[in-house]
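Computed from a predicted structure; not experimentally measured. Each chain gets a letter, A, B and so on, in the order the sequences are listed, and its residues count up from 1.
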There are 2 protein chains.
Amino acid sequence: MDDTRKSRKSHDVQVDLIAVLVSVIAGAPSVLTIRQGDMLPSGPFEFEHRSLQAGLRAWVEQQTGHPLGYIEQLYTFADRDRIDNEAGRAISISYLGLTRAEEPHAASAPHWVGWYDYFPWEDHRDGTPPLLEEVIQPLLDEWAESASDRQLRDERRRRMASVFGFDGERWNEELALQRYELLYEAGLVAEARRRRKAADCPRKEIPGVAMFADHRRILATAIARLRTKIKYRPMVFELMPPVFTLLQLQQTVEALSGRLAHKQNFRRLIEQQELIEETGEMASDTGGRPAKLFRFRPAVHIQRTLMGTRLPVMRS
Amino acid sequence: MDDTRKSRKSHDVQVDLIAVLVSVIAGAPSVLTIRQGDMLPSGPFEFEHRSLQAGLRAWVEQQTGHPLGYIEQLYTFADRDRIDNEAGRAISISYLGLTRAEEPHAASAPHWVGWYDYFPWEDHRDGTPPLLEEVIQPLLDEWAESASDRQLRDERRRRMASVFGFDGERWNEELALQRYELLYEAGLVAEARRRRKAADCPRKEIPGVAMFADHRRILATAIARLRTKIKYRPMVFELMPPVFTLLQLQQTVEALSGRLAHKQNFRRLIEQQELIEETGEMASDTGGRPAKLFRFRPAVHIQRTLMGTRLPVMRS
DNA sequence: TCTCCTTATACTCAGCTCGAGTATAAGTAA
DNA sequence: TTACTTATACTCGAGCTGAGTATAAGGAGA
């Protein structure tokens, strides 16, 4: 070790593990929560844990009874929005997990919450939500106006436009985190307001359920990551049942990205890439012509990290 | 806080901050090191640090005298290859930084080391390095052969091929981390050998400088991230001087990706994207026809996170 | 000055991808 | 039988990409 490092006894730090466990349930991308949707499953990294992932698994299973399948590290946060800060610093290491939708069964059913409950402005499957133009844009406009000088105001305007797709800019679903952060900065989400003096807050708050500490920000990070990564890596697999129709696959992707895909082109792209194969069976409960059933090709799971996938989303 | 969390006094953890600071110096992508290339700049996250990034800045400046420009979080590692494990767990939060190449000036010059010194098999600018076929492939073959059963052997073969581009598979420069991890697993890098009993080691080691603890793995992570991200986000900027020719830009990209680009197409792509503008000046020290000088457009720096870039690399 | 070498820059062309749409098939429900 | 639903096949034009060819403009040396 370096001299500088050896010589000083540094303060140790509290490390928390946080899981964003995602599943698509009845067309709604959902997160596993505790405390009625207020918190993500989480707990301190402890001496007994053999690894970060092992620790996370232990906490999630203890708190929700849900097993953890595929997970990947998301981001490590420090301090932001930490409430009990007195004794020392706290660090949160967050993970993104994907799991198959399971029918919630009765009593001990863990609490899955649709992620658009937290981010209603992120769902564009039925077109741009009115909320954006009617509520968010005016409030952000006020915020931009309240800037101390003109340069700052213009800067805020630019950010609003490019992040939310105002003023003719295109909506980019991957910017979910930037949008949340902009709203936070503008004092329009509850998490920001409770850290400010009342006088510093804009008069109104926007719709969308708040969460404990910075958990909603972590969720936004997960959404952004998932929306980006799903386009070039075969991650949807983890969310699908063993056998499915192309429409089910498409709807899962649409649920996550928050926008619709062009059906025929979606087929073409998926079929080209040799990620899936026909089972030979048909699904007849489609409400129309029966659909072929598919499964993922075994190689796909193995090569998860290595291969690319591409998925189309509609522009409009 | 949850009951489960409040009730127990959990062990705190030692948290280290580690920087991979990259610059391209005379055509060689290089990392800032301490101890003659053995370690990356690093130190514990301490009570006085206002944030993770602030702590990192403090350590890097103290250890190398080099200021930190653009940085982004890389990955959080736990335990792997930790040596002094007795007291508690150690966690490393790593960051990737990009900075402009500066002429190393005399005495206190920080130690920049070309990253291909650590990963000689990663530089394909002059074609596939002979090292791959002559040394690495045979040794990995032995490793595959030594598998306990046939299934495991075939699995190893598949991984070798897809990760290193053997057996007609294409070389993929983004898999730098997977390659290092495979070599580690096969016991062919020094870091792996020093953790095993001598009897468990293959007879030979491959070329490539080793580092302290898991620092070389962290470097591989940084390379992989940079090679992936450079293709769709304008990150090269941070590495370029204020004014440059297109060839210089191209060579910087080539240095990082470890492979050559098609000159004419590189031009076309860069020009299309409106990332840069002509300064009006010319560079006459090109050794041929003078080249136009360019600078990045101001908007680019602001929108760093928002825009996409695409960069071509040659297939062959 | 002329020739050769080097790098810069412009332009071409075929193949492929992608968005958008048309056409047709095969079920269900009234 | 008709209307409606979903599934699946095929087409077409624009634009992107890889891989050149062609030409411009400097320097070094004969």
Exercise. Which residues satisfy the ring pair (Phe, Tyr, Trp, His ring centres under 6.0 Å) test with F166(A), sequence neighbours excluded?
Worked result: F164(A)
Exercise. Of G287(B) and E271(B), whose nearest nucleotide on DNA chain C comes first from the 5' end?
Worked result: G287(B)
Exercise. Taking CG from L269(A) and P from dG19(C), how many angstroms apart are they, rounded to a whole number?
Worked result: 8 Å
Seminar exercise, completed: With sequence neighbours left out, the residues meeting side-chain contact (heavy atoms from CB on, under 4.5 Å) with E277(A) are R295(A), R297(A), P298(A)
Problem set entry | Those residues that, when tested against T128(B), pass side-chain contact (heavy atoms from CB on, under 4.5 Å) (two or more places apart) | H124(B), L132(B)
Exercise. M282(A) CE to dT6(D) C1': how many Å, rounded?
Worked result: 11 Å
For this session: Starting from C1' on dT8(D), measure out to CZ on F266(A) and report it in whole angstrom.
Result: 15 Å
Seminar exercise, completed: Rounded to whole Å, the CD-P distance (Q272(B) to dG18(D)) equals 11 Å
For this session: Give a yes or no on whether a salt bridge exists between R227(B) and E174(B), defined as a side-chain N under 4.0 angstrom from a carboxylate O.
Result: no
Seminar exercise, completed: Rounded to whole Å, the CG-C1' distance (D285(A) to dG27(C)) equals 12 Å
Using residues 282-289 of chain B as the side-chain source, report each donor-acceptor pair under 3.5 Å to any protein atom, sequence neighbours left out, with the distance given to one decimal.
residue: T286(B); atom: OG1; partner: G288(B); partner atom: N; Å: 3.3
residue: T286(B); atom: OG1; partner: G288(B); partner atom: O; Å: 3.3
residue: T286(B); atom: OG1; partner: R289(B); partner atom: O; Å: 2.9

Exercise. Quick one: I270(B) CD1 to dT17(D) P, roughly how many Å, whole number?
Worked result: 12 Å
For this session: Tell me yes or no: between the side chains of Y180(A) and Q178(A), is some donor less than 3.5 Å from an acceptor?
Result: no
For this session: Would you please confirm or rule out a distance under 4.0 Å between OP1 or OP2 of dA8(C) and any side-chain N or O of K263(B)?
Result: yes
Seminar exercise, completed: In whole angstroms, the gap separating P of dG18(D) from CZ of R170(B) amounts to 11 Å
Exercise. Which residue lies toward the 5' end of DNA chain D, K292(A) or R268(A), if each is placed at its nearest nucleotide?
Worked result: K292(A)
Exercise. Could you write nucleotides 20-25 of chain D as a row of B, S and -, 5' to 3', where a protein heavy atom under 4.0 Å of any base atom gives B, of only sugar-phosphate atoms gives S, and otherwise -?
Worked result: BB--BB
Exercise. Listed by chain and number, what are the ring pair (Phe, Tyr, Trp, His ring centres under 6.0 Å) partners of F244(B), not counting sequence neighbours?
Worked result: F296(B)
Exercise. In whole angstrom, what separates F294(B)'s CZ from dA8(C)'s C1'?
Worked result: 10 Å
